[in-house]
2 protein chains.
Amino acid sequence: MKEEAQNPAFAYIAGRIDKMLVPALLNFLAHKPAHGYELIQKINESGFSEIEADPATIYRNLRRMEEDGLVLSQWETEHTGPARRSYQLSPEGHQALEYCVQLISDKVNNMTAFLDQYRQEVKER
Amino acid sequence: MKEEAQNPAFAYIAGRIDKMLVPALLNFLAHKPAHGYELIQKINESGFSEIEADPATIYRNLRRMEEDGLVLSQWETEHTGPARRSYQLSPEGHQALEYCVQLISDKVNNMTAFLDQYRQEVKER
DNA sequence: TAATCATATATGTATTCGTCACCTACTCTC
DNA sequence: GAGAGTAGGTGACGAATACATATATGATTA
């Protein structure tokens, strides 16, 4: 899903068209609790968030989300392999997800308006 | 157009849902050449790019776009008032705009898929 | 059994980018 | 000549990400 700009001078443009990381995390966690490594894989599979999910970014975001009360975590040890931190959404996290949905809706409208305007102008040319 | 998060813990979320600054600049300049001050006003009027266009951001972006060959500039002095730098799109700039349009289309599809999935899950709950 | 791979979390640092505060300069009007 | 509006800009700062690296456990394989 990660796209390479055909022209290197366009490189920074892609980064400015957003990465839906936090909404994606909230959305996965609303579905069911999960730990970081799992979320990294899911996000890479899902195609949300054009970026290739960087572990550092994911873990740091999860920590901040916990600081802000959007998620709750607890260590899980009843399984093979290294201990993992299991995250679940708090009530505030659900509110945040709703807020994200609102923002994304607005954004879609905004972007659609932009595209319509662009296409209209191309047609007139 | 700028929205305040109802919950301060959500503050950083809004900033992660993108600001369409570069596309908006390219789009305005595709329409007709313009100088920075003019673009600042247009962007604030248009409602694209939720951000309140900060002059520093606009000017720096224009400079970088020029470095990257997306726009060409020349000083204009045949008018009253301070000299102004007039920017116009280069052929590469038009390509970049098309690239932006492509990215934004993808993004809209992506976000729409996200919203659909969210709404589907809410319905099932 | 030693090496190595997959899982899992985390930190340190550089860089990128936007925001805030500030500056210069020109022109017109009061 | 003081102030407002137009026009273009910079430096310091902070927030967030990218990239590299550290750490530990368990499974596989040479």
Side-chain angles (χ1 to χ4, degrees), chain A residues 2 4-5 8-25 33-45 49-68 71 73-87, chain B residues 2 4-5 8-25 33-45 49-68 71 73-87:
Chain A
K2 189 173 189 171
E4 295 301 328
F10 301 171
Y12 65 93
I13 294 176
R16 204 114 338 121
I17 314 280
D18 186 31
K19 7 212 151 180
M20 299 252 294
L21 185 56
V22 173
L25 289 175
H35 57 278
Y37 194 81
E38 204 180 340
L39 290 165
I40 291 167
Q41 293 176 313
K42 277 188 178 172
I43 282 173
N44 282 335
E45 285 163 21
S49 168
E50 266 132 50
I51 59 167
E52 218 152 292
D54 182 76
T57 305
I58 307 282
Y59 285 119
R60 266 194 264 256
N61 270 285
L62 286 170
R63 292 312 207 88
R64 180 177 45 190
M65 286 158 71
E66 184 165 27
E67 271 173 43
D68 291 339
V71 297
S73 81
Q74 52 195 33
W75 283 103
E76 268 187 14
T77 47
E78 302 120 30
H79 61 84
T80 69
R84 56 173 78 143
R85 196 188 280 274
S86 178
Y87 289 94
Chain B
K2 193 171 192 173
E4 297 300 328
F10 301 171
Y12 63 91
I13 294 176
R16 204 110 340 117
I17 314 279
D18 185 32
K19 8 212 151 181
M20 300 250 295
L21 185 57
V22 173
L25 288 175
H35 57 278
Y37 194 80
E38 205 180 339
L39 291 165
I40 291 166
Q41 293 176 314
K42 277 187 178 173
I43 283 173
N44 282 335
E45 285 163 21
S49 169
E50 269 132 47
I51 59 166
E52 220 152 290
D54 182 84
T57 305
I58 307 283
Y59 286 121
R60 266 194 264 259
N61 270 285
L62 286 170
R63 295 309 205 87
R64 180 177 45 191
M65 285 158 71
E66 185 165 27
E67 272 173 43
D68 292 339
V71 297
S73 80
Q74 53 194 32
W75 283 104
E76 269 187 13
T77 48
E78 301 119 29
H79 60 85
T80 68
R84 57 174 80 146
R85 197 187 280 272
S86 178
Y87 289 95

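Letters A, B, ... are given to chains in the order of the sequence lines, protein chains preceding strands, and every chain is numbered from 1.
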Problem set entry | Under the side-chain contact (heavy atoms from CB on, under 4.5 Å) test, residues paired with B:Gln41 that sit two or more places apart | B:Tyr37, B:Glu45

For this session: With sequence neighbours excluded, tell me which residues meet side-chain contact (heavy atoms from CB on, under 4.5 Å) with A:Arg85.
Result: A:Arg63, A:Glu66, A:Ser73, A:Trp75, A:Tyr87

When the distance from [atom1] of [X] to [atom2] of [N] is rounded to whole Å, what number comes out?
X: A:Asn44; N: C:dA6; atom1: CG; atom2: P; result: 16 Å
X: B:Ile40; N: C:dG18; atom1: CD1; atom2: C1'; result: 14 Å
X: A:Leu62; N: D:dT17; atom1: CG; atom2: P; result: 12 Å
X: A:Leu21; N: D:dA15; atom1: CG; atom2: C1'; result: 15 Å
X: B:Ile58; N: C:dC20; atom1: CD1; atom2: C1'; result: 15 Å
X: A:Leu25; N: D:dA16; atom1: CG; atom2: C1'; result: 14 Å

Exercise. About how many Å separate CG of A:Leu25 and CE of A:Met65, when rounded to the nearest 0.5 Å?
Worked result: 5.0 Å

Exercise. Measuring from B:Asn61:CG to B:Asp54:CG, what's the distance to the nearest 0.5 Å?
Worked result: 10.5 Å

Between the protein and nucleotides 5-11 of chain D, list every N/O to N/O distance that falls short of 3.5 Å.
residue: D:dT6; atom: OP2; partner: B:Tyr37; partner atom: OH; Å: 3.4
residue: D:dA7; atom: OP1; partner: B:Arg84; partner atom: NH2; Å: 2.7
residue: D:dG8; atom: OP1; partner: B:Arg85; partner atom: N; Å: 2.8
residue: D:dG8; atom: OP1; partner: B:Arg85; partner atom: O; Å: 3.4
residue: D:dG8; atom: OP2; partner: B:Gly36; partner atom: N; Å: 3.3
residue: D:dG8; atom: OP2; partner: B:Tyr37; partner atom: N; Å: 2.6
residue: D:dG8; atom: OP2; partner: B:Tyr59; partner atom: OH; Å: 3.2
residue: D:dG9; atom: OP1; partner: B:Arg63; partner atom: NH2; Å: 2.7
residue: D:dG9; atom: OP1; partner: B:Arg85; partner atom: NE; Å: 2.9
residue: D:dG9; atom: OP1; partner: B:Arg85; partner atom: NH2; Å: 2.9
residue: D:dG11; atom: O6; partner: B:Arg60; partner atom: NH2; Å: 2.5

For this session: Could you tell me whether the side chain of A:Arg84 reaches within less than 4.5 Å of the side chain of A:Glu38, counting heavy atoms only?
Result: no

Exercise. Is there side-chain contact between A:Leu62 and A:Leu39, with heavy atoms separated by less than 4.5 Å?
Worked result: yes

For this session: Answer yes or no: does a side-chain N or O of A:Asn61 lie under 4.0 Å from OP1 or OP2 of D:dT17?
Result: yes

Exercise. Does OP1 or OP2 of D:dA16 have a side-chain N or O of A:Arg64 closer than 4.0 Å?
Worked result: yes

